[in-house]
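A note on names: the letters A, B, ... follow the listed sequences, proteins ahead of strands, and every chain is numbered from 1. Computed over heavy atoms, backbone and side chain alike; hydrogens, waters and symmetry mates excluded.
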Number of protein chains: 2
Amino acid sequence: MNKRRCYDQFCGIARALDLVSERWTLLIVRNLMLGPRRYSDLMTELPGITTNLLAARLKTMEGDGLVARTDGPPARYALTALGAALEPVVVELGRWGAKFMDQPRRGDTVNPGWGMLSLKRRYRGGLRAVVEFRLQLNGGERRFELVFENHHLHVKEREAVRPQLVVAGPLEAFQGWLFKGLPPGELHRAGKLTTEGDPVVWEAVQVAFGPNDWKGASARATASP
Amino acid sequence: MNKRRCYDQFCGIARALDLVSERWTLLIVRNLMLGPRRYSDLMTELPGITTNLLAARLKTMEGDGLVARTDGPPARYALTALGAALEPVVVELGRWGAKFMDQPRRGDTVNPGWGMLSLKRRYRGGLRAVVEFRLQLNGGERRFELVFENHHLHVKEREAVRPQLVVAGPLEAFQGWLFKGLPPGELHRAGKLTTEGDPVVWEAVQVAFGPNDWKGASARATASP
DNA sequence: CAGGATCCGCCGCGATACTG
DNA sequence: CAGTATCGCGGCGGATCCTG
């Protein structure tokens with residue numbers, strides 16, 4: 001018993017897949033990238049997963065050192081340093097998968113948090129700031145902290161600590177700006193984005209996000225002759 | 001019939017996993033990254049796969065546009081541009097998996113080609129050259145073409161076209177140099193590496209490969225507080 | 001009610017045998 | 001050489017049941 005399926009190949013890629021290629025594992029990592037979550041949070045934010053699989057995955061991921069369970073109550077699951085180091089893998093998967101993201105298909109579930117995570121691969125670098133996004137959606141609000149470092153963007157779902165800029169508005173306004181390429185000044189139908197804080201940072205944030213590389217060749221893609 | 005298992009989430013990561021998360025798929029991509037292969041080549045170079053699964057994977061991957069089958073004889077499978085665009089995903093998986101590559105475990109199969117591919121993530125950039133590596137191993141020789149561009153290293157298993165440098169030696173000598181950090185001048189037990197061509201390029205190649213980031217924090221890793 | 005555990009049916013997977 | 005056919009098992013999905 002308890003012998004897991006593995007490739008038995010002396011290769012980093014195969015070793016990695018031994019640990020993360022089971023179904024749901026990388027999506028759990030994705031969701032935990034926004035911050036620690038409770039079991040029930042993951043159940044609702046991972047549409048389609050079943051309780052037995054979530055429990056099993058969290059157990060093996062904890063055993064492998066990818067996530068740590070902080071005893072509660074309530075118990076929370078968080079990425080360890082090892083699990084967080086999967087971020088480049090997840091980001092590159094998202095970059096590649098963006099080619100197929102023209103439209104939501106019927107039956108697709110949508111989560112604003114996933115869109116926030118996709119900003120990681122669009123950040124062009126060169127900014128240093130802490131920004132908070134407040135997405136208003138039917139009756140609620142979700143707050144994301146964006147920490148821009150020189151070559152990396154951190155995104156967490158939580159209140160930002162001492163943000164230099166707060167951008168607030170309905171979800172549709174953020175979508176229009178970030179994913180449909182509308183200038184923030186022309187978001188009439190979707191409602192407007194309001195900002196509070198340093199206008200210089202606001203300008204820089206708009207510049208810092210590259211285009212959504214829908215189907216286009218990715219910036220780092222290999223040219224294949 | 002023919003409805004594949006998918007996550008039904010409007011998220012690039014989930015979309016990508018819908019296409020490549022089945023078992024063996026990314027390892028087929030890995031092996032094809034070295035160049036086109038025949039069915040029987042893949043069978044021998046993917047230890048553990050069974051013929052029914054290889055046939056099934058190649059069929060769905062061809063249907064998804066990841067690989068193209070060139071009618072033979074002999075028929076060959078090659079990555080399409082879409083499939084080749086998975087390279088960053090595979091490379092980042094290998095970077096993460098390198099943390100677990102201290103030693104081959106018993107039962108592990110080893111393939112020098114996988115080691116050559118791992119050089120992609122270790123290339124520090126800044127070089128422009130075409131180099132050929134000739135790995136001598138029990139009774140045979142395998143030749144790899146390394147094309148160094150400013151920010152990217154191409155690796156194919158084939159004779160290099162007009163290489164400025166040829167490095168030849170037993171497999172163990174390459175392993176000692178590239179994976180055990182021995183200076184090429186001190187490879188006495190493993191046999192020596194001989195070079196032919198531009199000595200300036202040879203110097204630059206030795207500098208161009210960063211350390212094998214065994215367990216260490218990767219250069220681009222996210223620092224997690 | 002949060003946080004799981006248990007049971008069952010199905011299909012993806014692995015092993016082997018067989019075919020053009 | 002390049003696959004197809006068949007079969008058993010275990011991972012997975014769906015549902016229900018337990019326990020603080």
Side-chain angles (χ1 to χ4, degrees), chain A residues 1-9 14 17-29 31-32 35-64 67-78 107-109, chain B residues 1-9 14 17-29 31-32 36-64 66-78 107-109:
Chain A
M1 64 198 70
N2 203 16
K3 51 177 175 179
R4 64 196 302 166
R5 195 174 270 179
C6 75
Y7 286 113
D8 291 327
Q9 298 180 4
L17 291 174
D18 284 342
L19 294 177
V20 305
S21 75
E22 275 187 317
R23 199 165 159 78
W24 293 108
T25 301
L26 281 177
L27 293 187
I28 293 174
V29 171
N31 278 30
L32 289 180
R37 287 289 189 274
R38 302 192 304 184
Y39 186 90
S40 53
D41 295 331
L42 291 171
M43 276 300 291
T44 62
E45 294 176 6
L46 287 167
I49 203 173
T50 49
T51 174
N52 54 354
L53 276 195
L54 179 57
R57 288 296 174 272
L58 287 173
K59 199 156 292 185
T60 57
M61 290 170 77
E62 188 184 358
D64 291 339
V67 304
R69 177 197 154 114
T70 73
D71 269 336
R76 287 178 183 276
Y77 296 89
D108 274 359
T109 58
Chain B
M1 65 199 69
N2 203 16
K3 51 176 174 179
R4 63 197 304 164
R5 197 172 270 180
C6 75
Y7 287 113
D8 291 326
Q9 298 181 3
L17 291 174
D18 284 342
L19 294 177
V20 304
S21 75
E22 274 187 319
R23 200 165 158 77
W24 293 106
T25 300
L26 281 177
L27 293 187
I28 294 173
V29 171
N31 279 29
L32 288 180
R37 288 290 189 274
R38 303 190 303 184
Y39 186 91
S40 54
D41 295 332
L42 291 171
M43 276 299 291
T44 62
E45 294 175 7
L46 286 167
I49 203 173
T50 51
T51 175
N52 54 354
L53 275 197
L54 179 57
R57 288 297 174 272
L58 287 173
K59 200 156 289 185
T60 58
M61 291 171 78
E62 188 184 359
D64 291 339
L66 302 187
V67 304
R69 178 198 151 113
T70 72
D71 268 337
R76 287 177 183 278
Y77 295 90
D108 273 359
T109 59

(Q) Taking any heavy-atom pair under 4.0 Å as a contact, classify A:Thr50: base, sugar-phosphate, or nothing. (A)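 Touches a base.
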Q: Mind checking B:Arg69 for me? I need base, sugar-phosphate or nothing, with any heavy atom below 4.0 Å counting as a touch.
A: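 Sugar-phosphate contact only - B:Arg69 comes under 4.0 Å of backbone atoms but never of a base.
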Using whole Å, what does the distance between atom [atom2] of nucleotide [N] and atom [atom1] of [X] come to?
X: B:Arg37; N: D:dC1; atom1: CZ; atom2: P; answer: 15 Å
X: B:Leu27; N: C:dG14; atom1: CG; atom2: P; answer: 11 Å
X: B:Leu53; N: D:dA2; atom1: CG; atom2: P; answer: 18 Å
X: B:Glu45; N: D:dA2; atom1: CD; atom2: C1'; answer: 16 Å
X: B:Met43; N: C:dA15; atom1: CE; atom2: C1'; answer: 11 Å
X: A:Ile49; N: D:dG11; atom1: CD1; atom2: P; answer: 16 Å
X: A:Arg4; N: C:dC13; atom1: CZ; atom2: C1'; answer: 17 Å
X: A:Arg23; N: C:dC10; atom1: CZ; atom2: C1'; answer: 14 Å

(Q) Is there, by distance only and without an angle test, a donor paired with an acceptor across the side chain of A:Asn52 and the base of D:dG14 below 3.5 Å? (A)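 Flag set: donor-acceptor pair detected.
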Q | Flag for A:Tyr7-B:Thr109: side-chain donor and acceptor within less than 3.5 Å | A |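 Side-chain D/A pair, B:Thr109 to A:Tyr7: absent.
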Could you check which of [options] has an atom nearest any side-chain atom of [X]?
X: B:Ser40; options: C:dG12, C:dG4, D:dA2; answer: D:dA2
X: A:Ala55; options: C:dG4, D:dA2, C:dA15; answer: C:dG4
X: B:Arg38; options: C:dA5, D:dA2, C:dC11; answer: D:dA2

Report yes if a side-chain nitrogen or oxygen of [X] is closer than 4.0 Å to either non-bridging phosphate oxygen (OP1 or OP2) of [N]; otherwise report no.
X: B:Trp24; N: C:dG12; value: no
X: A:Arg57; N: D:dC12; value: yes
X: A:Tyr77; N: C:dG4; value: yes
X: A:Lys59; N: C:dG4; value: no

**Q.** Distance (rounded to the nearest 0.5 Å) between A:Asn31 CG and A:Leu26 CG
**A.**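 It is 11.5 Å, given to the nearest 0.5 Å.
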Q.
Would you compute the distance between atom CH2 of B:Trp24 and atom CG of B:Leu42 and round it to the nearest 0.5 angstrom?
A.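 If we round to the nearest 0.5 Å, B:Trp24:CH2 and B:Leu42:CG are 11.5 Å apart.
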Q.
Quick check on DNA chain C: between A:Arg5 and B:Thr51, whose nearest nucleotide comes earlier from the 5' end?
A.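 The 5'-side residue here is A:Arg5.
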**Q.** Where A:Arg57 and A:Thr25 come nearest, the two heavy atoms and their spacing
**A.**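 Heavy-atom minimum between the residues: CD-OG1, 3.4 Å.
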**Q.** Which atom of A:Tyr39 lies closest to which atom of A:Leu58, heavy atoms considered
**A.**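 What the structure gives for the nearest pair is CD1-CD1, 3.8 Å.
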